[in-house]
Each structure stands twice: as C-alpha cells, then as structure tokens.
*Asks:* 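One structure is given below, represented as structure tokens, and several questions about it will come after.
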Amino acid sequence: LREIPVKILRATLAHLDLVVPLFDAYRVFYKASSDLMRSKQFIQDRLLNHESVIFVALEQVEKQEIGCGFVQLYPSFSSIEMQSMYILHDLYVAPEFRKQGIGQQLMKTAKAFALEKGASKLTLMTARDNTAAQKLYESEGYQKEDCYISYDLSLMDLRKTRDSSTMLHAFEDLSNHETGDPSLNNA
C-alpha cells in the first residue's frame, strides 16, 4: 500500500465538476448507465439542499486539482438508540488511484466527521462480491451485520403501473386526513 499525498475537503458547489465524474463512475461500477447530466443535477441538489455530506480527495498535478475519490454520507436517525447517525452510502476511488490509501483516508474523514457531529454510528452496505471494499471496511472497525435482513421495494416500477394513480390518491386522502385541516379534507 503506497500512500500518495491527497487533500481531502468537504465538497461544496465549487467542487461539483470534480465530484460529478467520480459519482458517475461509481454508478457505472454498480452497473448503472453513465449519465453525467443527471449525476450533476443529483449531486448539485444534495449539496444545495444540505441532504448529504460529500468529502472529495484531490491530488495536485502541476497547478490543477484532480478528483481521486469521494465519500458521500446521508444523515439519518437510529430509533433504537434515539440518536443521529450517518449512512455511508457512496465510497469510490478512481481505478488509477486505488491501492494508495485514499479509500482509507476517506473512511477516516467520514468517521471523524460523524464523531464531531455526535452521531451514534456510521452504517453502510456493499455488494456481496465487493471483497476489496469489505476488507477496507473491516480494517476500519466496521462489523458485518448478520442480525438483520435487508429488503428493498422499488417504487420506480410501481409508478409505471396502473395502480400507482390509485395508490397516490390513497396517500393524498391519508395525508389530508392526518393534517386535521378541514379545508384539506374536502379536496
């Protein structure tokens, strides 16, 4: 493992053009189609709306900064612990910068940030066959969770079906009822 000197910064809109290609490559790594325009909009929205925290690793080459990798954290809460936590959702290091300690530096930065914010834990998921990432996570003290089973419900598919409009109306009726606002109940 040869460490190269990188600078890790909390990303702002000023770093958008450095983060977006990395984010798009991360998506492609997980078998999504490349889409730089949507990737840019997605990252921009997360930053503008303060919906995630992104740290980007930069290498100085002559007078230009190059994006080497990034980590993205989403704030959440643990109901059991009744405390805040972060979901480490995305970690990516560009192939030409791998095995140089950048992933580990990004993980340490994420941990320091979460500790500073008083979070109870960091949690993450990875592909079963991503053994390199698993080794990194375990070397950083993460423990494999085998008490719970993870389930997903794709709402993208439901939106395309006929029943989605019925489901949406049911949700609107429920939302109006729960507000207690009589003007909404007559809609």
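All of these numbers come straight from a predicted model, not from anything done at the bench. Just so you know, these numbers use all the heavy atoms, side chains as well, and skip hydrogens, waters and symmetry mates.
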*Asks:* Tell me, please, whether F42 has R46 positioned over its six-membered ring: NZ or CZ under 6.0 Å from the ring centre and within 45 degrees of its axis?
*Replies:*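 Yes, cation above the ring, under 6.0 Å and within 45°.
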
*Asks:* Do F70 and V53 belong together in a cluster built from hydrophobic side chains that touch within less than 4.5 Å?
*Replies:*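 In one cluster: no.
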
*Asks:* Find out whether F97 and I66 are in side-chain contact, i.e. whether some heavy atom of one side chain is under 4.5 Å from a heavy atom of the other.
*Replies:*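 Yes; the side chains approach each other to less than 4.5 Å.
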
*Asks:* Tell me whether I54 is reachable from L58 by hopping between hydrophobic residues (I, L, V, M, F, W, Y) whose side-chain heavy atoms are closer than 4.5 Å.
*Replies:*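 Per the 4.5 Å side-chain linkage, L58 and I54 are co-clustered.
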
*Asks:* Quick one: side chains of residues 87-96, donor-acceptor pairs under 3.5 Å with protein atoms, not counting sequence neighbours, listed by atom name and distance.
*Replies:*
unit_1 : atom_1 : unit_2 : atom_2 : d
D90    : OD1    : Y26    : OH     : 3.0
D90    : OD2    : Q72    : NE2    : 2.5

*Asks:* Same cluster or not: L73 versus L106, using hydrophobic residues (I, L, V, M, F, W, Y) connected whenever any side-chain heavy atoms lie under 4.5 Å apart?
*Replies:*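 Both belong to a single hydrophobic cluster.
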
*Asks:* Taking atom CD of Q143 as the centre, does the number of heavy atoms from other residues, nucleotides or ligands within less than 6.0 Å exceed 12?
*Replies:*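 Open.
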
*Asks:* Please report the closest heavy-atom contact between K63 and Q60, naming both atoms and the distance.
*Replies:*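 Between these two residues, the closest heavy atoms are C-NE2, 3.3 Å.
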
*Asks:* Listed by chain and number, what are the side chain to side chain donor-acceptor pair (under 3.5 Å) partners of E62, not counting sequence neighbours?
*Replies:*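 Not a single residue meets the side chain to side chain donor-acceptor pair (under 3.5 Å) criterion with E62.
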
*Asks:* Between C68 and V6, what is the shortest heavy-atom contact and its length?
*Replies:*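 Heavy atoms of C68 and V6 come nearest at SG-CG1, 4.1 Å.
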
*Asks:* Return each pair, listed once, that meets side chain to side chain donor-acceptor pair (under 3.5 Å) where at least one residue sits in residues 76-86; pairs must be two or more places apart or across chains.
*Replies:*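 Sorted pair list: E81-S120.
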
*Asks:* Is there a continuous path of hydrophobic side-chain contacts, each under 4.5 Å between heavy atoms, that joins L48 to Y74?
*Replies:*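 Same cluster.
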
*Asks:* To the nearest 0.5 Å, what is the distance between NZ on K108 and CD on E140?
*Replies:*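 It comes to 4.0 Å.
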
*Asks:* Please table the atom pairs, donor to acceptor, closer than 3.5 Å between any side-chain atom in residues 27-34 and protein atoms at least two apart or in another chain.
*Replies:*
unit_1 : atom_1 : unit_2 : atom_2 : d
R27    : NH1    : S33    : O      : 3.0
Y30    : OH     : T126   : OG1    : 3.3
Y30    : OH     : N130   : ND2    : 3.2
S34    : OG     : D24    : OD2    : 2.5

*Asks:* What is the distance from atom OG1 of T109 to atom CD of Q104, rounded to the nearest 0.5 Å?
*Replies:*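 Reported value, rounded in 0.5 Å steps: 10.5 Å.
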
*Asks:* If you look only at pairs with a residue in residues 128-156, which of them pass as a ring pair (Phe, Tyr, Trp, His ring centres under 6.0 Å), with sequence neighbours excluded?
*Replies:*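 Every pair satisfying ring pair (Phe, Tyr, Trp, His ring centres under 6.0 Å) with a residue in residues 128-156: there are none.
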
*Asks:* Taking only distance into account, with no hydrogens and no angle test, what donor-acceptor pairs under 3.5 Å do side-chain atoms of residues 11-18 form with protein atoms, sequence neighbours excluded?
*Replies:*
unit_1 : atom_1 : unit_2 : atom_2 : d
T12    : OG1    : A14    : N      : 3.2
T12    : OG1    : H15    : ND1    : 3.3
H15    : ND1    : T12    : N      : 3.0

*Asks:* Looking only at non-hydrogen atoms, find the nearest pair between L136 and G103 and report the distance.
*Replies:*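 Heavy-atom minimum between the residues: CD2-C, 3.9 Å.
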
*Asks:* Give the minimum heavy-atom separation between V20 and S39, together with the two atoms involved.
*Replies:*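 Closest approach of V20 to S39, heavy atoms only: CG1-CB, 4.1 Å.
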
*Asks:* Hydrophobic cluster membership, with links at side-chain heavy-atom distances under 4.5 Å among I/L/V/M/F/W/Y: are F55 and L124 in one?
*Replies:*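 Yes; tracing contacts between hydrophobic side chains, which count when under 4.5 Å, links both residues.
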
*Asks:* Please report the closest heavy-atom contact between Q134 and R128, naming both atoms and the distance.
*Replies:*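 For Q134 and R128, the tightest heavy-atom pair comes out as NE2-O, 2.9 Å.
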
*Asks:* How long is the gap from CG on D45 to CZ on R38, to the nearest 0.5 Å?
*Replies:*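 Answer rounded to 0.5 Å: 11.0 Å.
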
